[in-house]
There are 2 protein chains.
Amino acid sequence: MMKIIVNINKSNYPIYIGKNLFNKRNVFIESINTNRTVIITNKSIAEFYLNKISYTIKSVGIGVDSIIIPDGEKYKTLLTMNNIFTLMIKKKHDRNTTLIALGGGVIGDLTSFSAAIYQRGIQFIQAPTSLLSQVDSSIGGKSAVNHSSIKNMIGVFYQPTSVLIDLNCLKTLPKREFFSGFAEVIKYAIAIDKFFFRWLENNIDSLLKLDFKLITYCVQHCCKLKKRIISVDEKEKGSLRVLLNLGHTFAHAIESYMGYGEWLHGESVSVGIVMAAKTAELIGELNQKNTKRIINLLKRANLKVKGPSKMKANDYISRMIYDKKTIDGKINLILPTKIGLSKIYKNVNQQTIIKAITSCL
Amino acid sequence: MMKIIVNINKSNYPIYIGKNLFNKRNVFIESINTNRTVIITNKSIAEFYLNKISYTIKSVGIGVDSIIIPDGEKYKTLLTMNNIFTLMIKKKHDRNTTLIALGGGVIGDLTSFSAAIYQRGIQFIQAPTSLLSQVDSSIGGKSAVNHSSIKNMIGVFYQPTSVLIDLNCLKTLPKREFFSGFAEVIKYAIAIDKFFFRWLENNIDSLLKLDFKLITYCVQHCCKLKKRIISVDEKEKGSLRVLLNLGHTFAHAIESYMGYGEWLHGESVSVGIVMAAKTAELIGELNQKNTKRIINLLKRANLKVKGPSKMKANDYISRMIYDKKTIDGKINLILPTKIGLSKIYKNVNQQTIIKAITSCL
Ligand SMILES: NC(=O)c1ccc[n+]([C@@H]2O[C@H](COP(=O)([O-])OP(=O)(O)OC[C@H]3O[C@@H](n4cnc5c(N)ncnc54)[C@H](O)[C@@H]3O)[C@@H](O)[C@H]2O)c1
Ligand SMILES: NC(=O)c1ccc[n+]([C@@H]2O[C@H](COP(=O)([O-])OP(=O)(O)OC[C@H]3O[C@@H](n4cnc5c(N)ncnc54)[C@H](O)[C@@H]3O)[C@@H](O)[C@H]2O)c1
Ligand SMILES: [Zn+2]
Ligand SMILES: [Zn+2]
C-alpha cells in the first residue's frame, strides 16, 4: 500500500493506493473521525463493493447508511442532490457524519458537492472505483453537476478527508470504461510529462491487459502529478491546473450534443485532445510528427480519434462558448506545443478551430 | 456615506452605508469589475428599486439583466436556484458576471449561494433592503436554503465583493418587517454589547419612528459588530460567531412548524431569545431582573415574547434536534449570562429546556 500526502493551503490529506483497501480496517480508522457515515453509490457498484466496505466500517464501530442513486452521467444534477439531502435529513444526519463516494467520477462529483453544502460542509471520503476516477477526478476537490445540458456548470472546490484507491476495483470495471480512463492518463502525459508519454508508449499493451504492477505504477504516477499541480494551484487561478483541461472544451461539446452517456467522458476527451493538437498544428505551435504520435497512442488505447459522425463543426462552436474558460464569447483553449508541454491560448481564432475540428470528423 | 472595510482571510471588502446609494454611480464603479450583472430580486422590491439601480449601473457602461423570483421564505430552496441557473445559462452568463442581491435576507441568501456555485463561483454584491438584512444577513458570507422544511440546511460560506446599504429602502419596508429586524439588533446587544443594549433602551421609541440619525447609527453599529466578529471567526469554528445564533435554535423550530412566512424570522428570534433567557435563568446563569429587561425591550420594539399558541414544548424539541449545532442528538444552546454576555452551553438538559419553553407559551 502506498500513501501520498496532498498539501493544500494549511490542510493536508492522504491518498491510499493498494489492493484490497476496502477490507483494511486501519485505513478506515485513520480516515473517519465521525460517528456515522453515508455511502453514496449506484446499483452496479453496490453489487460488488457495498457490503464489503460497509462490513469493514461497521467492524470498527462506525455507523453506516447508504444511498443508492441511478447509474449514469445524466443523473449528475441538482435534482439527484436534492434527493440525497432529503434522505440524509430523514435519517437525521448532522455534522458528525462523513459521506463516502463509492463509484466513478459521477458518484465522486455528486458526493463531494453534496458534502460541501450539506449543513454548510461536512467531511467526505473518495473511494474511486473506475480508472478515470482513480487517476483524476477523485483528487483535487473539483466537484460539479451538469445543468441545462451544459457540463459541470454548478459546483465548488471542496477537498476530501482522504482518498482510498482500491486497485482491485478495476477487475470488475467494464472494458469500455477502462479504456476511457486512459484518455485522462494520456492527457497528463501530453500536457505536462514527456517521460510518462514515452513510458506509456512502451507499456500501453500490457496496461490494457491489466498487468497489475504496471497499472499500480500508472495510477500512482498520475496521483503524484495531480497532487503536485493542485498543491500549487488548488482553484485553477494560476497557469498550471488549467492545463489539465486539455481536450475538455471539445469533449464537453461532444458529451452535451450526444446526450450524456452516449459518448463516455474519456472517449470525448480523446477526440478533444486530437482536435487541440490539430489546432496547435494549424497555428504553427506543434509539429505534425507529434500530432501523429499523440493519435497513435490514443488509438492503441482503443480510444476514438474522430468525432461523432452526426456532429458538424458548428455544433462544437455553439457549445464551446459555454466553456468556463470562455469569457465574453472569446474561446480560450489549452493546446499542446510539444509532447509533455502545453499552454493556454486566449481568444483563439474561430476559423482555425473550425478547420481543426473539421479535420477530425 | 460611511465605508467600513471587512477583513477576512487575505481578502477584504467594503460595506457602504448611506442615503440614496442606489443613485451613486461611483459606488457601482468601485464595486463591479465585470462587464455584466444580473440583479436577483422579487416583484415587491423590483417595483421600488429595480429601475433605479439598473439605470445607475447601465449609465456606467455595465450590462444589466434581472431575474425576478417569487416573494417569500418558502421559495428559499434549491428549486428556485435551479431556475435562476437556467435563466443565467440561457443568457450565456459566464464568470465575467456579477450577481446583485436586491432585497431582504431571502434574496440575499439565495443570491450568495447561487454566486458561490455558478461555474464554481462568481462575484456578487449584497444590496440589502430590509432592516434585518442591513444589520445582519448581508454581512458575513453565510448563505443557505431550506430543505424538507428544515431552515438553512444546505449552503456555504461565500463573501460578497461589496455590501451596499441604502438606508432609504427602510421607508418602503412594511412595518411588521421593520419591527422584525429589531430582533436581530437586540440580539447583538444581549449577546455581546451591554452599552448598545442601554442605548437601545434609551432610543427604541424614536428608532421605531424611523428617526434617520438614530437609524443610521444603529445600522452602522451593528455592521461594525458583525465585521469584528467575522474577521476573527469567519466560519463559526471559534467561540465567537456562534454567539450570534442566540435565540435561533428555538426560532427555527417555530418557523418550520408554522410554515415559512407565517411567523417572520425576527418575530421567531424574539421569542427564541426569551426562551434562551428563561433556560439560562433555570440553570442559574442569568438573574430574573435581566430576563425582565430583555423581555421589556423586545416588547417595546413591538416584538412577540410568547410562542405561537398551537405549539407545544415537544413540537420545539423534535425540531431542535435538526439544529446545525446539535451533534448526536445533544442540544447545544447559546444562553445569555448577563446583558451583553453570552456563552455556548453543550448538551443542555431537555427537561430544563422544556420547562423554559413552557413558561413562554
Ligand atoms: N472532479 C474532477 O476533477 C473530474 C475530473 C475528470 C472527470 N470528472 C467527471 O467524472 C465523470 C466520469 O467519471 P467515470 O468515467 O468514472 O464515469 P462513471 O462514474 O459514470 O463510471 C463509469 C461506469 O462504470 C461503472 N463502474 C465504476 N466503477 C466500476 C467498477 N469498479 N466495477 C464495475 N462498474 C464500475 C459505473 O457504474 C458507470 O456505469 C464525468 O462526470 C466527469 O465530468 C470529474
Ligand atoms: N445569511 C445570514 O447570515 C442570515 C442572518 C439572518 C437571517 N437570515 C435569513 O434572512 C431571511 C430573513 O430576511 P428578511 O427579514 O429580510 O426577510 P425577506 O427577505 O423575506 O424580506 C421581508 C419582506 O419585506 C419585503 N421587503 C424587503 N425590503 C423591502 C423594502 N425596502 N421595501 C418594501 N418591501 C421590502 C420582502 O419582499 C419580503 O416580503 C431568513 O431567510 C433568514 O434565515 C440570514
Ligand atoms: Zn476529464
Ligand atoms: Zn437571524
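No hydrogens, no waters, no symmetry mates; every other heavy atom, side chains included, goes into these values. Chain letters run A, B, ... following the sequence lines, proteins first, then strands; residues in each count from 1.
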OH/B/Tyr75: more than 12 non-hydrogen atoms of other groups inside 6.0 Å: no

Best-contacting candidate, A/His93, A/Glu236, A/His147, against chain B by heavy atom pairs under 4.5 angstrom: A/His147

Crowding at NZ, B/Lys74 (>12 non-hydrogen neighbours, <6.0 Å): no

Tell me if the NZ atom of B/Lys343 is crowded by more than 12 foreign heavy atoms within 6.0 Å. no

Let me know if A/Tyr158 has heavy atoms under 4.5 Å from chain B in its side chain, its backbone, both or neither. neither

Heavy-atom cut-off 4.5 Å, strictly under: side chain, backbone, both or neither for A/Ser114 against chain B? neither

Under a 4.5 Å heavy-atom cut-off, does chain B meet the side chain of A/Ile321, its backbone, both or neither? side chain

Applying salt bridge (charged side-chain N to carboxylate O under 4.0 Å, His left out), name anything that partners A/Lys91, two or more places apart in sequence or on another chain. A/Asp65

Which distance, rounded to the nearest 0.5 Å, do you find between the CD1 of B/Ile154 and the CG of A/Leu78? 11.0 Å

Provide the closest heavy-atom pair for B/Tyr322 versus A/Gln119 in the form atom of the first, atom of the second, distance. O-NE2, 4.3 Å

Test side-chain contact (heavy atoms from CB on, under 4.5 Å) applied to B/Phe85 and A/Met153, step by step: CA-CA 9 Å; B/Phe85 297 140; A/Met153 272 306 265; over 6 Å; no

When B/Ile150, B/Ile89, B/Asn152 are compared by non-hydrogen pairs under 4.5 Å with chain A, the top option: B/Ile89

What option among B/Arg36, B/Arg95, B/Arg120 has the most heavy-atom pairs under 4.5 Å with chain A? B/Arg120

Toward chain B, the part of A/Asn82 with a non-hydrogen atom under 4.5 Å: both

Could you tell me which portion of B/Thr97 (side chain, backbone, both or neither) has an atom closer than 4.5 angstrom to a non-hydrogen atom of chain A? neither

